[in-house]
Amino acid sequence: MDAATLLTQVLNGLQYGLLLFLVASGLTLVFGIMGVINLAHGSLTMVGAYLAYAIGAATGSLWLALPLAVAAGAVFGAVLERVLIRRFYDRAHLDQVLLTFALILLFEEGRSLLVGNDFHSVPIPPVLDWSVPISSIFSYSAYRLFVLAVCVVIAALLFLVIHRTRFGGMIRASAEKPEMVEALGIPVSRVQMAVFALGTALAMLAGALSAPLTSVYPNMGDGVLIVSFVVVVIGGIGSIAGAFWGALLIGLVDTLGKALVPDLAGIAVYVLMAAVLLWRPTGLFARAA
Amino acid sequence: MSAGIASSGTASAAGTRATAPLLEARAVHTYYGASHIVRGVDLAIGPGETVGLMGRNGMGKTTLIRSLIGLTPIKRGSVAVGGTDVTGFAASRIARLGVSYVPEGRGIFASLSVRENLTLAARPGVDGERAWTLERVLTVFPRLAERIGNGGDQLSGGEQQMLSIGRALMTNPRLIVLDEATEGLAPLVRAEIWRTLALIRAGGTATLIVDKTVSAMAEACDRILVLVKGTVAFEGPPATLVADAEAMQRHLGV
Ligand SMILES: Nc1ncnc2c1ncn2[C@@H]1O[C@H](COP(=O)(O)OP(=O)(O)OP(=O)(O)O)[C@@H](O)[C@H]1O
Ligand SMILES: [Mg+2]
């Protein structure tokens, strides 16, 4: 493999990893704070991707789809939490799994009714549909660079919000001692709703961003969900920093693995997970109990 | 109205009913599953009053406190704060009526810095005043000023306790509920905690203190209640309790 191909694969891996981070960060926050295993989290990326497809088809442009995926995701997530998820915080994990599995079926059925079961490609916005010449022998997709940049900005913002703002303090405190947060006069239920809304918005944004790269198709969220769970487990449940580094690691290992050792493509990620868990059973960034 | 309240005379802000106790619990019963822990407790705390709650291990002091502030649901009875019936309210709503909590074990957020712990729930009191600011808390607890950037998990036990009290003060409460705030601390640190409680009392903030140190409680409190198996076995001025050697032995084991 020549240098240009390798560099392309590394950038692809980073970009895939950063998209994974958008999905896994919500998953890890929701699990870390509310203790809910949300199987429908991957499906939310599917919803975001189809939203991008529908808006692209209606307006001929992807631009509106990105802010709309965030806004619609926040509202949808808040409603979902209020109406359904909240009732399951005190229930067994099996009940939560059943509920969120039912949500996957609902979302997919809704998708089937509204848009059908075909594959659809989503065009890259014309302004970004070109290759950026990075050196004389190497150029890289402008849209992929755009995705990379958006994800980096969002990751930085998320990190700032969680570690530098009062709201972020409430999120961290609620993950740790929800009763104490409540006793100080902060309604934990609002924090939970906000976290779920945030996670949904990020997942739908990730779906919308990746739509032009992957096309949209039925059950496209399933694979995302599984890999995101791997990220969460590797990074340490509830840890945003863990989700970030775990996602980059998985993105790179998966992408480079497929390029370098195609025979092992499917299992590289799981081998990595097993290795990390043998070394650190609670993940890379788990807080000491 | 319960006549037993030793009203301290610190008149509350105009507009609130001067006769209404700050906190009033009537016939409170609390269960953990089938175990009947709090068995019909009546308790009233007037504005600015310092009330002590004593009793041997496992008599239900913590459970009673948690029932009052909404952390543990009560099965029967009622709780009112500042004349508002708060029975069944979420703990956060009760806290916003001016009740703050320093729990057993201190409840410090380990993943937050000292500053974040203090400012997380900072707000003016129900009267709109900010008597307690970060500066004032740090003046009262200079040790916390030195540790302001440290994580909550990097503090000694005494520092954690100061942080827990400072955090409660930052909500500018009308009533602070402290559960075993001096437990497990070195004598000098205990003395500092008691001095702080005296300062809070002098500032006109009411406190409900759970503690096992009889001498310090006798000095700090206007009134003491002794809990035996979830019921109030004694209620009165500290002097009366201390003078009753037989009750002291029977209820407190001292
Ligand atoms: N979460 C719980 N579930 C079931 N039983 C509990 C629970 N918490 C406390 N108990 C029981 O309720 C009783 C009262 O406990 P509580 O903690 O209120 O007592 P306490 O007076 O605060 O004791 P201590 O002085 O040791 O702090 C005890 O018998 C205890 O074992
Ligand atoms: Mg106790």
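None of these values were measured; they are calculated from a predicted model. Just so we're on the same page: letters track the sequence lines, and every chain starts at 1.
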S92(B) and E182(A) have their tightest heavy-atom pair at OG-OE2, 2.7 Å
Heavy atoms of A183(A) and A95(B) approach each other most closely as O-CB, 3.3 Å
Here the gap from M180(A) atom CE to F109(B) atom CZ, rounded to the nearest 0.5 Å, amounts to 6.0 Å
CD1 (I186(A)) and CG (L120(B)) are apart, to the nearest 0.5 Å, by 4.0 Å
Turns out that what part of V99(B) lies under 4.5 Å from chain A's heavy atoms comes down to backbone
Cut-off 4.5 Å, heavy atoms of chain A, and the answer for T119(B) is backbone
Among M170(A), H163(A), E179(A), the residue with the most heavy-atom pairs under 4.5 Å to chain B is E179(A)
How about [X]: does its [atom1] atom have over 12 heavy atoms from other parts shown lying under 6.0 Å from it?
| X | atom1 | answer |
| --- | --- | --- |
| R164(A) | CZ | no |
| R115(B) | CZ | no |
| R136(B) | CZ | yes |
| F101(A) | CZ | no |

Answer key: most heavy-atom pairs under 4.5 Å with chain A among N117(B), I108(B), I69(B) is I108(B)
Given R167(B), R66(B), R93(B), the one with more heavy-atom pairs under 4.5 angstrom with chain A than any other is R167(B)
Problem - Heavy-atom donor-acceptor pair, E176(A) side chain to S111(B) backbone, under 3.5 Å - result: yes
Turns out that what part of V188(A) lies under 4.5 Å from chain B's heavy atoms comes down to neither
Full working for salt bridge (charged side-chain N to carboxylate O under 4.0 Å, His left out) between E116(B) and R166(A) = CA-CA 8 Å; E116(B) 287 176 319; R166(A) 206 167 165 189; over 6 Å; no
Side chains of L184(A) and S100(B), heavy atoms from C-beta outward: is any pair under 4.5 Å? yes
